[in-house]
There are 2 protein chains.
Amino acid sequence: MPTETKKYTDKQELIAKFSNALGHPVRVAILQQLSKQSCCFHGDMAEVLPIANSTLSQHLKVLREAGLIQGEIDPPKTKYCINKENWNLVKGLMIGFFD
Amino acid sequence: MPTETKKYTDKQELIAKFSNALGHPVRVAILQQLSKQSCCFHGDMAEVLPIANSTLSQHLKVLREAGLIQGEIDPPKTKYCINKENWNLVKGLMIGFFD
DNA sequence: TTCGTAGTTCGTAAGATGACGAATATCATA
DNA sequence: TATGATATTCGTCATCTTACGAACTACGAA
């Protein structure tokens with residue numbers, strides 16, 4: 001039984017959460033790549049992006065936790081794809097937000 | 001003569017910058033309000049939002065520096081409006097980003 | 001000129017973020 | 001079983017963010 005009043009609407013929270021995930025250029029680059037070719041491997045991204053491997057893992061984790069991508073281990077590689085359901089959700093939220 | 005290689009494209013940087021500005025629910029709320037009624041005063045927002053006055057000023061500054069809003073002093077009040085040019089820019093960037 | 005209203009800026013504290021290399025985990029293959 | 005390839009997690013550090021109240025600024029009205 002929560003007594004606290006909600007400070008913001010669900011929609012506001014969602015837009016903020018997803019926007020945060022888009023708030024770093026390397027994450028934008030990752031999503032652009034994934035949305036272009038549906039899937040790709042950590043290693044392929046690591047070759048192209050100007051950051052350390054461990055940093056890439058961190059950014060992928062942020063995107064995963066925001067629900068924008070999903071990872072799948074395909075030993076010895078890890079394959080990442082767009083989470084289409086949430087992708088479409090965000091798309092709708094953004095379009096609605098900007099009129 | 002810059003020798004450094006650019007790490008990210010201008011578009012990636014822009015999307016990240018604007019997304020950052022949208023990355024807090026109170027800023028989403030502010031923009032929703034402004035886009036609904038074109039302009040409003042600091043004081044009116046302060047009455048509605050669950051944050052201190054000084055914190056509101058900080059958030060408005062973030063939005064101003066991102067170029068999403070513009071402020072105008074109308075003594076003794078300050079009036080804020082959407083920056084329509086950039087609003088449309090972001091809208092286009094986002095729509096393009098999500099296909 | 002003094003006062004009151006409306007905002008902004010300053011100072012500060014707590015917590016989140018982004019970066020890296022080192023250490024660790026996983027699993028196929030030699 | 002030992003090795004190698006591929007990622008992730010850990011530990012650490014510097015920086016940024018968010019929040020607040022106090023101090024300050026600006027300006028019209030008394």
Side-chain angles (χ1 to χ4, degrees), chain A residues 4-8 12-31 33-34 39-81 83, chain B residues 4-8 12-13 15-31 33-34 39-81:
Chain A
E4 89 279 357
T5 310
K6 271 236 306 49
K7 291 184 170 180
Y8 306 103
Q12 287 162 353
E13 299 273 13
L14 271 181
I15 292 175
K17 183 186 83 170
F18 288 124
S19 296
N20 247 318
L22 294 182
H24 191 293
V26 83
R27 294 199 291 264
V28 173
I30 291 167
L31 291 172
Q33 188 59 25
L34 287 179
C39 278
C40 80
F41 293 105
H42 176 120
D44 299 334
M45 300 192 258
E47 275 177 18
V48 174
L49 299 170
I51 53 174
N53 229 289
S54 54
T55 308
L56 176 54
S57 272
Q58 275 185 160
H59 285 296
L60 289 168
K61 188 177 179 184
V62 171
L63 291 172
R64 208 176 343 104
E65 288 181 345
L68 288 171
I69 65 173
Q70 39 205 161
E72 183 184 335
I73 298 176
D74 181 4
K77 303 195 172 191
T78 310
K79 192 173 71 175
Y80 284 95
C81 314
N83 178 326
Chain B
E4 90 280 354
T5 310
K6 267 228 319 48
K7 291 184 172 182
Y8 305 103
Q12 286 161 354
E13 300 272 13
I15 292 176
K17 183 185 82 168
F18 287 125
S19 295
N20 248 318
L22 295 182
H24 191 293
V26 83
R27 294 197 292 264
V28 173
I30 291 167
L31 290 172
Q33 188 59 26
L34 287 179
C39 278
C40 79
F41 294 105
H42 176 120
D44 299 334
M45 300 191 258
E47 275 177 20
V48 173
L49 299 170
I51 54 173
N53 228 288
S54 53
T55 308
L56 175 55
S57 272
Q58 276 184 164
H59 285 294
L60 290 167
K61 188 177 180 185
V62 170
L63 291 172
R64 207 176 344 103
E65 289 181 345
L68 286 170
I69 64 172
Q70 39 206 160
E72 184 185 334
I73 298 175
D74 180 4
K77 301 196 174 190
T78 311
K79 191 173 72 175
Y80 284 96
C81 315

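Throughout, a chain's letter reflects where its sequence line sits, starting with A, and its residues are numbered from 1.
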Ranking A/Pro50 and A/Asn20 by the position along DNA chain C of their nearest nucleotide, the one closer to 5' is A/Asn20
Rounded to whole Å, CZ of B/Phe41 lies from P of C/dT5 at a distance of 17 Å
Plane angle bin for B/Tyr8 and A/His24 - parallel if under 30°, tilted between 30 and 60°, otherwise perpendicular:
perpendicular
For this session: Verify side-chain contact (heavy atoms from CB on, under 4.5 Å) between A/Met45 and A/Leu60, making sure each step is shown before the conclusion.
Result: CA-CA 10 Å; A/Met45 300 192 258; A/Leu60 289 168; 3.9 Å; yes
To the nearest angstrom, the NE2-P distance between B/His42 and C/dT5 comes to 16 Å
For A/Glu13 and B/Pro25 the tightest heavy-atom approach is OE1-CG, 3.7 Å
Between A/Thr78 and B/Pro75, whichever has its closest DNA chain D nucleotide further toward 5' is A/Thr78
Heavy-atom nearest pair, A/Ala21 first then A/Ala66, reads CB-CB, 3.7 Å
side-chain hydrogen bond (donor to acceptor under 3.5 Å, both in side chains) filter on A/Asn53, not counting sequence neighbours, yields A/His42
When rounded to whole Å, the CD to C1' distance for the pair A/Glu72 and C/dC27 reads 16 Å
Taken to the nearest whole Å, NZ/A/Lys79 to C1'/C/dC27 is 17 Å
Which is true for B/Arg27 with a 4.0 Å heavy-atom rule: it touches a base, it touches only sugar-phosphate, or it touches nothing? sugar-phosphate
request  = Assess whether side-chain contact (heavy atoms from CB on, under 4.5 Å) is satisfied between A/Thr55 and A/Leu49, documenting all intermediate values.
outcome  = CA-CA 10 Å; A/Thr55 308; A/Leu49 299 170; over 6 Å; no
What residues 51-61 of chain B contributes to the DNA chain D interface at heavy-atom separation below 4.0 Å is B/Ile51, B/Ala52, B/Ser54, B/Thr55, B/Gln58, B/His59
Whole-Å distance, A/Ile73 CD1 to C/dA28 C1', equals 14 Å
(Q) Run the side-chain contact (heavy atoms from CB on, under 4.5 Å) test on B/Cys40 and B/Leu34 for me, step by step, so that the C-alpha distance in whole Å, both residues' side-chain angles and the decisive distance to 0.1 Å come before the verdict. (A) CA-CA 7 Å; B/Cys40 79; B/Leu34 287 179; 3.9 Å; yes
Heavy-atom nearest pair, A/Leu56 first then A/Ile30, reads CD1-CD1, 3.7 Å
In the 5' to 3' direction, the nucleotides of DNA chain D bounding the stretch that comes under 4.0 Å of a heavy atom in chain A are D/dT6 to D/dT9
In whole angstroms, the gap separating P of C/dA16 from NE2 of A/His24 amounts to 18 Å
Exercise for the section: Could you walk me through whether B/Ile69 and B/Leu31 pass side-chain contact (heavy atoms from CB on, under 4.5 Å), step by step? Expected result: CA-CA 8 Å; B/Ile69 64 172; B/Leu31 290 172; 3.7 Å; yes
